[in-house]
Amino acid sequence: MKTWLMGAGLAVACLGTAQAESTTTLYGLLYTGLRHVSDSGGNSVTGLATGPSRWGIKGTESLGAGRSALFVLESGFDLSSGSSFQGRRLFGRQAYAGVSDVAVGRLTAGRQYDMVADFLAPYAATGKWNGYMAHVGDNDNLNYQFRLNNSIKYVSPDIGGVQAGAVYAMGESAGSGKPNSASSAGLRYRQGGFSAAAGYLRVNNPATSVPEGNWNTIVFPAVTPTSAITPAALAPNAMTTYGIGADYQADKLKYAVVYTQTRFDGLGSFAIGLPVSDVRFRNLEANMAFDATGHWMLGAGYTYTTGDVATTRFKPKYHQVHVVSNYSLSKRTILQLATTHQRAAGDARNAYVLYSSESGASRGRSQTALLAGMFHFF
């Protein structure tokens, strides 16, 4: 009995030491507001915006000599209904653990974002202000629509303003590691008020490896303007995205540009009479933010998206304009007024502002989303 008590006492003492050198934090973001869509199948729709609400737990434990263990568990949900954004996944946004060394970098494993999302999204309006400002259909995943399961990720330390990262997601398919696998890499540079980044991502069998991706909502109407097929009917062999971005801070103004290109290989289905084809999307965005008072920020941006369907020679085009006003009531609470206007051009027949799947694509070529909401961080 005395031996057991001594062992228990040592365990408690060690636990107390570990707790003194570790931290665990509950964090999150709540978003709510009104959403008005001008044309949803020919009619306007008003309702609550779902927003990017989330909660999570993150922690670190010091291992000494500049090393630490870490973990992140994060779940997204719809504040208007309380339902999960990631289906049956308990921590659908992120779930990983790993180790970090100030001299070597960070190595983590689990469900994680790719380097295109990590390094390029901060240059885009959707990464800065609101998901309604994503490039058409979030075809490049800059709005963090999907994550990579079974992934190992390495991010280097910042050395002279340069930082690199790479991710590999194992497909875990018997007999071959290629199906459902993914790979990604990125490079970032920061110096003074200037920064730039580049990123690359390839996902094999995205319909099964990243089924939550919003790509299938916008890609299928882009293949043919009159098709009534469902997104589930399309299953591309692979998705490849790459891009570059840069920004510059000049006093109270911050300018940013980002370019991405996404290719879907072998998209289509002979079973429904749709020829298999490679489909490309190119997105060029410029945006700027103005710090009006320290508490009040004004922003604006423009995105030009072009598509190209190899087999049908169908070439959709989209123009998208964003305007946003953020007013900080405190460090944790922000009031936002924003609008996104999208116009379909070229061979595209309908506008489709991201998340308007809550209300549907436009009947005509234009669609406008108006938002009045609040962000609260904790």
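FYI, the numbering just counts along the sequence from 1.
Only one option out of Q94, R93, K153 pairs with Y113 in a side-chain hydrogen bond (donor to acceptor under 3.5 Å, both in side chains); it is R93.
In this structure, a donor-acceptor pair under 3.5 Å is absent between the side chains of D140 and T241. Under the 3.5 Å distance criterion, with hydrogens and angles disregarded, a donor-acceptor pair is assigned to the side chains of S195 and Y123.
Salt-bridge annotation for R202 and D265: present, with a side-chain N of the basic residue lying under 4.0 Å from a carboxylate O of the acidic one. Using a 4.0 Å cut-off between charged side-chain N and carboxylate O, R280 and D278 make no salt bridge. Ion pair D39/R363 not flagged as a salt bridge, since none of the NZ, NE, NH1 or NH2 atoms sits closer than 4.0 Å to an Asp/Glu carboxylate oxygen. R111 and E212 are joined by a salt bridge, as a carboxylate oxygen and a charged side-chain nitrogen come within less than 4.0 angstrom of each other.
Rounded to the nearest 0.5 Å, atoms OG1 (T306) and CG (N283) are 7.5 Å apart.
In this structure D308 satisfies the side chain to side chain donor-acceptor pair (under 3.5 Å) test together with K315, sequence neighbours excluded.
In this pair, F281 and F264 present their aromatic rings perpendicular. The plane angle is above 60°, beyond the 30 to 60° band.
The heavy-atom pair separating L187 from A164 by the smallest distance is CD1-CB, 3.9 Å. Of all heavy-atom pairs spanning D347 and R349, the tightest one is O-NH1, 2.9 Å.
Counting heavy atoms from C-beta outward, M239 and F146 have side chains that approach closer than 4.5 Å. You'll find the side chain of R147 stays beyond 4.5 Å of the side chain of N149, heavy atoms only. A 4.5 Å side-chain heavy-atom check between M297 and V324 finds at least one atom pair inside the cut-off. H322 places none of its side-chain heavy atoms less than 4.5 Å from the side chain of Y302.
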